[in-house]
Asks: 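Have a look at this one before I ask anything.
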Amino acid sequence: MDQLTAGQGSRVKKALNSYNFTHKKTQYMGLDLKPLITTVPIKLAELSGKVVAIDAFNTIYQFLSTIRGPTGELLMNGRGEVTSHLSGLFYRNINLLVENIKPVYVFDGKMHALKAQEIERRFKLKQEAVVQYNHALEEGRMEDAVKYGKRTSVLTDSMVEESKTLLTALGIPYVQAPADGEAAAAHLTKTGAAYASASQDYDSILFGAKRLVRNLAASGRRKVPGKSTYIDVEPEMVEHDNVLKETGLTHEQLVDVGILIGTDFNPSGFSGIGPKTAIKLIKENGRLENVDKIKGQLAEVPYQEIRDIFLKPEVPKADGVRFGEVNRERVLDFLCVQKSFSTDRVAGTLDKLQKAQESRSQSLEKWFG
DNA sequence: CTTGACTA
DNA sequence: TAGTCAAGG
């Protein structure tokens, strides 16, 4: 698994090549478009000057599951307040700003009723993980503790508020989505307010995002937990136009393919149908209603409603986003005074950004000054 | 995840 | 300079 990352070989890769060896449809793990689409590795620098709409929940959740101590516990200050999300957001955003990338965070709004089942499933998985985590801790199996700890992450309201506070202090705008955050992020790319949407999930593509950036981060190599091997995890881009071109599908058909594979709104998908069969069936039959072999199952799925979720999503009304300056005092007060971050580290990191921004404005003055 | 100190 | 690894809070 995961040998399909770039670093050696061709710049453009087809995940499809390694699909047969790596992929099994065991349980729902998010919309699985990966085997059907081409991703292009990109450098962070290629996004310089661009606005990127970032799925906030997706990103914060990622931080909560990866930024942990040696026994799998979250990072916390002396008062027991979780700081993993703030650490991740702070350093990640500084790196983006150093690259002159303009992040806009998009926060999820109200959840669609059809998603409740999937959320419930994830909640149960977390409860199981908590049990396994405690078990592993008691028995001193630290590698297991770390593994299960990652799966216990819960994003709380206060984490959301704190994240917004930090973003504001950094001069980074955020958008409150009326419904699905992915839908709102996709919308921003359609209106031109954003160049791309950034998320680990492929949903943005079904929501019609022009571009999806995955693995939006600075680091290149990442250690495989437990083993002494490394994999390349570099940012990669999926272009909506390319997806349609290469699959030969319309956007509406792509949504149908997604529904066959399984989305958050029908997580079990259709039995016996994986990405490859799904695309074949839609190409041959045009649309869900015409696929004879799924007639029975289709009657049980609110497919028209799911289509509408993707094709006619509820999106934010005003899509103007305003970028601000870094408010050094506020960042230092919030992170260091309130959350007990090291003042030296935070100040040093802010200095690094300031240097980068100053040198950029100086190089501009050479041309225009 | 990201940094920063340390080693080869 | 690149690679490794512990620590961050």
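No experiment lies behind these values; they were computed from the predicted model shown. Letters A, B, ... are given to chains in the order of the sequence lines, protein chains preceding strands, and every chain is numbered from 1.
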Asks: Tell me every residue that passes ring-ring contact (aromatic ring centres under 6.0 Å, His included) with A:Y174, counting only those two or more places apart in sequence or in another chain.
Replies: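 Here the qualifying residues are A:F107.
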Asks: Determine the contact category for A:S84: base if any of its heavy atoms lies under 4.0 Å from a base atom, sugar-phosphate if only primed atoms, P, OP1 or OP2 are that close, otherwise nothing.
Replies: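 No contact.
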Asks: If hydrophobic clusters are built by linking Ile, Leu, Val, Met, Phe, Trp and Tyr wherever their side-chain heavy atoms come under 4.5 Å apart, do A:L311 and A:Y303 end up in the same one?
Replies: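 Per the 4.5 Å side-chain linkage, A:L311 and A:Y303 are co-clustered.
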Asks: Using whole Å, report how far CD1 of A:I94 lies from C1' of C:dG8.
Replies: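 These atoms are roughly 16 Å apart.
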Asks: Residues two or more places apart in sequence or in another chain: which of them pass side chain to side chain contact (heavy atoms under 4.5 Å, CB included) with A:D201?
Replies: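 Checked A:D201 against side chain to side chain contact (heavy atoms under 4.5 Å, CB included); matches are A:N58, A:E182, A:S199, A:D203.
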Asks: Rounded to the Å, how far apart are A:M76 CE and C:dG9 P?
Replies: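 Rounding to the nearest Å, CE of A:M76 and P of C:dG9 are 14 Å apart.
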Asks: Whole-Å distance between C:dG9 P and A:L89 CG?
Replies: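 Distance, rounded to whole Å: 15 Å.
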Asks: Could you tell me whether A:L74 contacts a base, only the sugar-phosphate backbone, or nothing, with contacts defined as non-hydrogen atoms closer than 4.0 Å?
Replies: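 Base contact - A:L74 has a heavy atom under 4.0 Å of at least one base atom.
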Asks: Respond yes when some side-chain nitrogen or oxygen of A:N95 is under 4.0 Å from OP1 or OP2 of B:dT3, and no when none is.
Replies: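 A:N95 to B:dT3 OP1/OP2: side-chain N or O found under 4.0 Å.
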Asks: Looking for any heavy atom pair under 4.0 Å, which part of the strands does A:R92 touch: base, sugar-phosphate only, or nothing?
Replies: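 Sugar-phosphate contact only.
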Asks: Taking A:V82 as the starting point, is it possible to reach A:Y61 by hopping between hydrophobic residues whose side chains are less than 4.5 Å apart?
Replies: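 Result: no, two separate clusters.
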Asks: Once you round it to whole Å, what is the distance between C1' of C:dG8 and CG of A:D344?
Replies: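 Distance, rounded to whole Å: 13 Å.
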Asks: Tell me the interatomic distance from A:L335, atom CG, to B:dT2, atom C1', rounded to whole angstroms.
Replies: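 To the nearest whole Å, that distance equals 14 Å.
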Asks: Let me know the distance between NZ of A:K352 and P of B:dG4, rounded to the nearest Å.
Replies: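 A:K352 atom NZ is separated from B:dG4 atom P by 7 Å.
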Asks: Please report, rounded to the nearest Å, how far the C1' atom of C:dG9 is from the CZ atom of A:F90.
Replies: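 Atom-to-atom, A:F90 to C:dG9, this comes out as 14 Å.
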Asks: Which part of the nucleic acid, if any, lies within contact of A:T66, taking any heavy atom under 4.0 Å across all strands shown: a base, the sugar-phosphate backbone alone, or nothing?
Replies: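 The answer is base, as A:T66 lies within the cut-off (heavy atoms under 4.0 Å) of a base atom.
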Asks: I need the CZ-C1' distance between A:R345 and B:dC1, as an integer number of Å.
Replies: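 Rounded to the whole Å, the gap is 12 Å.
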